Amino acid sequence: MIEMKDNENAKENELEKKKKKNVKLIVIFLLVFIIIFAAVYFGSSYLQKRNETPSQSGTTTTSAVSSETEKKVKNPIDFKSLQKKNDEIYAYIKIDGTKVDYPIVQSKTDDAFYLRHKAEDKSWSASGAVYTEAANSKDFNDFVTVIYGHNGYSDTFFTTLHYFEKEDFFKSHPYFYIYTPDRKLTYQIVSAFKYDNRHILNSFDFNKEESLKQWQDTIQNPSSSLKNVREELDKPLSINSKIVVLSTCITNQKSSRYLVCGELVKDEKTN
């Protein structure tokens, strides 16, 4: 009798052990399933976000480009038409209140060519054109660029630069504008004054800081009695300033020149 009870107890214990073992297996299975599910869920979320990042970045870039495009200003000059007639036309100058409204040229072979030739078609003309010399680059990034134009041919070319001799006109017309095919350059007129007839680009080495400072001092403090100087500038002159000098003759004064000097204060892209 006792032996039978012992056998029954042994069977019950064995069944109990099997139940516990099965419960453990179920718990382990559930834990493994939860871990795998979590790994798959969070892994897929990470990959989705990572894949979305370039697209979002691209949107930001596009937005920045669009913003940059909106900042472009209108270019009123039809350079394509001008350059079909003469490929040496590379810029255009306008000065409000004057008759200065001309293409700018630079000869590839002869600095004196445009003294007596038209910009439009290179035909001979006593009044010449508005031009620069080969010593200057055509991107207006030189420290000093000199642009030449004739005086005395009615009110054409640089004749009306002499309007700046009048103080009221000088004060009320502070800027001139140069256009290139893709840029609008705004220059604030620092001064306008009578100067001697020396060749500026040959007389100063503007790659030397000392010479550059000397020239900047000259245009801010001209020694001539015929002068107008702007007291307040949008940007004070510095060693990195880009200056354009407009040079023309003075009637019946062969040894003198009249200069209008401007500092680059704004460089805008155009469309």
Side-chain angles (χ1 to χ4, degrees), residues 90-96 98 100 104-106 111-112 130-149 151 158 161-167 169-180 183-250 253-269:
Y90 73 95
Y92 202 101
I93 184 169
K94 285 177 171 283
I95 307 179
D96 294 339
T98 74
V100 178
I104 302 172
V105 284
Q106 185 179 112
D111 279 342
V130 174
Y131 69 96
T132 58
E133 296 179 339
N136 276 133
S137 64
K138 294 188 287 187
D139 57 11
F140 296 97
N141 285 328
D142 293 338
F143 291 119
V144 178
T145 299
V146 182
I147 303 176
Y148 302 93
N151 162 72
F158 276 0
L161 285 184
H162 289 281
Y163 290 177
F164 288 100
E165 293 177 13
K166 297 179 180 180
E167 184 178 2
F169 186 87
F170 179 87
K171 287 182 177 179
S172 61
H173 295 82
Y175 303 102
F176 63 83
Y177 308 94
I178 293 176
Y179 293 88
T180 68
R183 296 161 72 196
K184 177 186 178 183
L185 307 174
T186 300
Y187 292 83
Q188 185 176 35
I189 298 171
V190 178
S191 59
F193 58 96
K194 179 181 175 181
Y195 194 61
D196 59 51
N197 66 346
R198 79 181 76 178
H199 191 285
I200 294 170
L201 296 176
N202 290 341
S203 301
F204 297 88
D205 182 355
F206 292 121
N207 291 313
K208 293 181 179 179
E209 186 173 327
E210 182 180 352
S211 294
L212 188 57
K213 286 182 176 179
Q214 182 183 348
W215 180 247
Q216 289 185 358
D217 182 62
T218 296
I219 67 175
Q220 290 182 99
N221 303 283
S223 58
S224 170
S225 58
L226 179 60
K227 64 181 177 181
N228 280 303
V229 180
R230 201 165 306 283
E231 294 179 0
E232 295 184 6
L233 299 176
D234 295 348
K235 291 171 58 178
L237 291 181
S238 72
I239 200 66
N240 294 315
S241 294
K242 303 295 189 296
I243 297 167
V244 162
V245 178
L246 310 179
S247 175
T248 194
C249 299
I250 299 176
Q253 295 186 32
K254 291 184 178 181
S255 61
S256 300
R257 296 289 181 269
Y258 189 68
L259 308 182
V260 176
C261 304
E263 176 198 14
L264 180 65
V265 293
K266 188 183 291 186
D267 185 346
E268 300 170 281
K269 291 182 179 180

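Quick note: numbers below take in every heavy atom, side chains included, and nothing from hydrogens, waters or symmetry partners. Only a predicted model underlies this, so the values are computations on that prediction, with no experimental measurement involved.
- One N or O on the side chain of Thr248 and one on the backbone of Gly149 form a donor-acceptor pair closer than 3.5 Å.
- Test Ile93, Leu246, Val265, Leu264 against Tyr187 for side-chain contact (heavy atoms from CB on, under 4.5 Å) and you get one pass: Leu264.
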Stepwise ring-ring contact (aromatic ring centres under 6.0 Å, His included) test for Phe206 and Phe143: CA-CA 7 Å; Phe206 292 121; Phe143 291 119; 8.5 Å; no
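- In this pair, Phe169 and His173 present their aromatic rings parallel. The plane angle is below 30°, not in the 30 to 60° band.
- A pairwise comparison of heavy atoms in Gln216 and Ser238 identifies NE2-O, 2.8 Å as the closest pair.
- In this structure, Gln106 contributes its side chain and Glu133 its backbone to a donor-acceptor pair below 3.5 Å.
- Under the 4.5 Å side-chain criterion, counting only non-hydrogen atoms from C-beta, Asp96 is in contact with Tyr177.
- Shown here are the ring-ring contact (aromatic ring centres under 6.0 Å, His included) partners of Phe140, two or more places apart in sequence or in another chain: Tyr90.
- Listed for the Tyr258 side chain is a donor-acceptor partner under 3.5 Å among the backbone atoms of Glu165.
- With Ser211 contributing its side chain and Phe204 its backbone, the two residues share no donor-acceptor pair below 3.5 Å.
- From Tyr179, atom OH reaches atom CD of Glu268 across 8.5 Å, with rounding to the nearest 0.5 Å.
- Side chains of Asn221 and Val229 form no contact here, defined as non-hydrogen atoms less than 4.5 Å apart.
- Distance check: Asn197 CG to Ser256 OG gives 7.0 Å after rounding to the nearest 0.5 Å.
- Contact of the Lys235 side chain with the Gln188 side chain is not registered, since no non-hydrogen atoms from C-beta on lie closer than 4.5 Å.
- In this structure the side chain of Arg230 never reaches within 4.5 angstrom of the side chain of Ser191, judged on heavy atoms.
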Candidate pair Ile178 and Ile147, rule side chain to side chain contact (heavy atoms under 4.5 Å, CB included), full reasoning: CA-CA 11 Å; Ile178 293 176; Ile147 303 176; 3.8 Å; yes
Candidate pair Ser137 and Asp139, rule side-chain hydrogen bond (donor to acceptor under 3.5 Å, both in side chains), full reasoning: CA-CA 6 Å; Ser137 64; Asp139 57 11; 2.6 Å; yes
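- In this structure, Pro222 and Lys227 approach most closely via the heavy-atom pair O-NZ, 2.9 Å.
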Checking side chain to side chain contact (heavy atoms under 4.5 Å, CB included) for the pair Ile219/Leu237: CA distance, chi angles, key distance, verdict? CA-CA 10 Å; Ile219 67 175; Leu237 291 181; 4.1 Å; yes
Pair Leu259, Ile200 - check side chain to side chain contact (heavy atoms under 4.5 Å, CB included), show working. CA-CA 11 Å; Leu259 308 182; Ile200 294 170; 4.0 Å; yes
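- For the pair Asn136 (side chain) and Val146 (backbone), a donor-acceptor distance under 3.5 Å is present.
- Between Asp234 and Tyr175, the closest side-chain pair of non-hydrogen atoms falls below 4.5 Å.
- The distance from the CD atom of Glu263 to the OG atom of Ser241 is 4.0 Å, given to the nearest 0.5 Å.
- A pairwise comparison of heavy atoms in Thr180 and Ala91 identifies CG2-CB, 4.3 Å as the closest pair.
- With a 6.0 Å radius and a threshold of 12 heavy atoms from other residues, nucleotides or ligands, Lys138 has its NZ atom above the threshold.
- At distances below 3.5 Å, not a single donor-acceptor pair connects side-chain atoms of Arg183 with backbone N or O atoms of Asp267.
- The NE2 atom of His162 lies 8.0 Å from the SG atom of Cys249; values are rounded to the nearest 0.5 Å.
- Contact annotation: the side chain of Trp215 approaches that of Val245 to within less than 4.5 Å [non-hydrogen atoms, C-beta and beyond].
- No side-chain heavy atom of Val100 sits under 4.5 Å from any side-chain heavy atom of Val130.
- Between atom OG1 of residue Thr98 and atom CZ of residue Phe176 there is a gap of 11.0 Å, rounded to the nearest 0.5 Å.
- Side-chain contact between Phe158 and Asn151 is absent, with no heavy atoms from C-beta onward closer than 4.5 Å.
- The main-chain N or O of Phe164 is found under 3.5 Å from a side-chain atom of Asn228 such that the two form a donor-acceptor pair.
- For Lys266, there are no salt bridge (Lys or Arg N to Asp or Glu O under 4.0 Å) partners two or more places apart in sequence or in a different chain.
- Ring pair Tyr148/His199 is tilted by interplanar angle, where 30° to 60° counts as tilted.
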